[in-house]
K.L.:
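Before I ask anything, let me first share the structure, which is written out below as structure tokens.
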Amino acid sequence: MPQGGTAASSSSHVRRIAHRTRDSCAAALANTLCSLLLGLLLVAAVVLFVLWLGLRPHRPRFNIASFSVAGGLDPDYSPAGTSLAFNVTDRNPNRHIGIYYDAMHASVHFYDELVASGPAFAARWYQPNKTTTSITGLLDVLGPATTDASWPSFSAAVRSGRVPLRLQLTTAIRFRVTNAFHSGRQRMHVSCDLLVGVDGNLLPESHGAACDRYF
């Protein structure tokens with residue numbers, strides 16, 4: 001074989017080896033960079049997840065503390081014209097998050113019949129983290145009247161000594177994570193089912209009962 005052909009073949013072989021070496025280095029570098037990037041993304045995801053668990057807002061918790069109708073209940077007379085008082089505890093369970101409340105409205109129902117209605121908090125207020133607030137109200141009783149369709153059921157419940165009522169609180173809340181970050185305003189409804197005796201006071205099984213919250 002001519003000497004020139006051997007030199008050309010050797011040179012071509014060297015170039016192929018060089019190309020493969022460069023391709024292998026580029027692939028190894030790309031794989032290393034991809035691995036580093038995926039590792040950083042995984043670490044960032046774990047950190048964000050831990051932060052989210054620590055800063056994720058928890059809904060406030062409400063419990064019935066007391067409830068009473070002035071003068072008690074009579075199965076033969078409408079309670080309209082009297083007043084009722086309630087006290088609901090509001091617990092903010094968050095470690096680092098405060099809660100802003102809009103003005104709060106309260107209403108009391110006997111099934112679908114409106115019994116009383118009025119303000120609980122007339123102005124906006126702020127609840128710091130890990131604190132409990134007492135929400136109190138004094139409402140004028142509007143019914144039911146003896147002429148209402150619900151009166152026979154109400155009178156029978158009074159005679160039995162167990163009158164089922166539902167206290168509802170309506171407001172809007174915002175979560176405060178830092179001075180610079182507040183969540184959007186969310187409408188919140190609190191529903192507390194309770195039982196009242198003939199004396200107008202809360203029955204023992206309803207003391208401390210938890211209320212439902214709806215957003």
K.L.:
Does any non-hydrogen side-chain atom of Q127 lie less than 4.5 Å from one of D90?
P.N.:
yes
K.L.:
Would you find more than 12 non-hydrogen atoms of other residues, nucleotides or ligands less than 6.0 Å from Y77 atom OH?
P.N.:
no
K.L.:
Contact between T89 and T133 at the side-chain level, heavy atoms closer than 4.5 Å - yes or no?
P.N.:
no
K.L.:
Give a yes or no on whether the backbone of S150 and the side-chain of D148 come within a donor-acceptor separation of less than 3.5 Å.
P.N.:
no
K.L.:
When you check the side-chain N and O atoms of S117 and H105, is any donor under 3.5 Å from an acceptor?
P.N.:
yes
K.L.:
Mind checking the CZ-SG spacing from F62 to C192? Nearest 0.5 Å is all I need.
P.N.:
8.0 Å
K.L.:
Taking C-beta and beyond as the side chain, do F67 and L84 meet within less than 4.5 Å on heavy atoms?
P.N.:
yes
K.L.:
Grab the two heavy atoms, one from P60 and one from I173, that are nearest each other, plus how far apart they are.
P.N.:
CD-CD1, 4.4 Å
K.L.:
Taking the side chain as C-beta and beyond, is there a heavy-atom pair between Y100 and R185 under 4.5 Å?
P.N.:
no
K.L.:
Report yes if the side chains of S134 and V88 come closer than 4.5 Å at any heavy-atom pair, otherwise no.
P.N.:
no
K.L.:
In Å, rounded to the nearest 0.5 Å, how long is the span from OH of Y214 to NE2 of H189?
P.N.:
10.5 Å
K.L.:
Are any side-chain N or O atoms of T82 and backbone N or O atoms of P79, one a donor and one an acceptor, separated by less than 3.5 Å?
P.N.:
yes
K.L.:
Would one find more than 12 heavy atoms of other residues, nucleotides or ligands at under 6.0 Å from atom CG of D76?
P.N.:
yes
K.L.:
If you measure from CG on L167 to CG on L194, what distance do you get to the nearest 0.5 Å?
P.N.:
6.5 Å
K.L.:
Could you go step by step and tell me if Y126 and I99 meet the side chain to side chain contact (heavy atoms under 4.5 Å, CB included) rule?
P.N.:
CA-CA 6 Å; Y126 174 72; I99 303 175; 5.9 Å; no
K.L.:
Are a donor atom and an acceptor atom from the side chains of Q168 and H109 found within less than 3.5 Å of each other?
P.N.:
yes
K.L.:
Looking at OG of S68 and CG of L202, how far apart are the two atoms once the value is rounded to the nearest 0.5 Å?
P.N.:
9.0 Å
K.L.:
Identify the two heavy atoms, one from L138 and one from A85, that lie closest to each other, and give their separation to 0.1 Å.
P.N.:
CD1-CB, 4.0 Å
K.L.:
What distance do T170 atom OG1 and D102 atom CG have between them, rounded to the nearest 0.5 Å?
P.N.:
12.0 Å
K.L.:
Going by heavy atoms in the side chains, are N92 and K130 under 4.5 Å from each other?
P.N.:
no
K.L.:
Got a donor-acceptor contact below 3.5 angstrom from the N94 side chain to the H58 backbone?
P.N.:
yes
K.L.:
Are R91 and T132 linked by a side-chain donor-acceptor pair shorter than 3.5 Å?
P.N.:
yes
K.L.:
May I ask you to decide if P93's main-chain N or O and R61's side chain share a donor-acceptor pair within less than 3.5 Å?
P.N.:
no
K.L.:
P164 and A157: which non-hydrogen atoms are nearest, and at how many Å?
P.N.:
CD-CB, 4.1 Å
K.L.:
Measuring only between side-chain heavy atoms, which start at C-beta, is F154 closer than 4.5 Å to L73?
P.N.:
yes
K.L.:
Taking only Lys NZ, Arg NE, NH1 and NH2, and the carboxylate oxygens of Asp or Glu, determine whether R166 and E113 approach each other closer than 4.0 Å.
P.N.:
no
K.L.:
Less than 4.5 Å apart, side chain to side chain, heavy atoms only: is that true for L203 and R162?
P.N.:
yes
K.L.:
Which pair of heavy atoms, one from L169 and one from A120, lies closest together, and at what distance?
P.N.:
CD2-CB, 4.4 Å
K.L.:
Under the side chain to side chain contact (heavy atoms under 4.5 Å, CB included) criterion, do L139 and S83 qualify, and how do the steps go?
P.N.:
CA-CA 6 Å; L139 309 178; S83 62; over 6 Å; no
K.L.:
Rounded to the nearest 0.5 Å, how far apart are CG of N63 and SG of C211?
P.N.:
6.0 Å
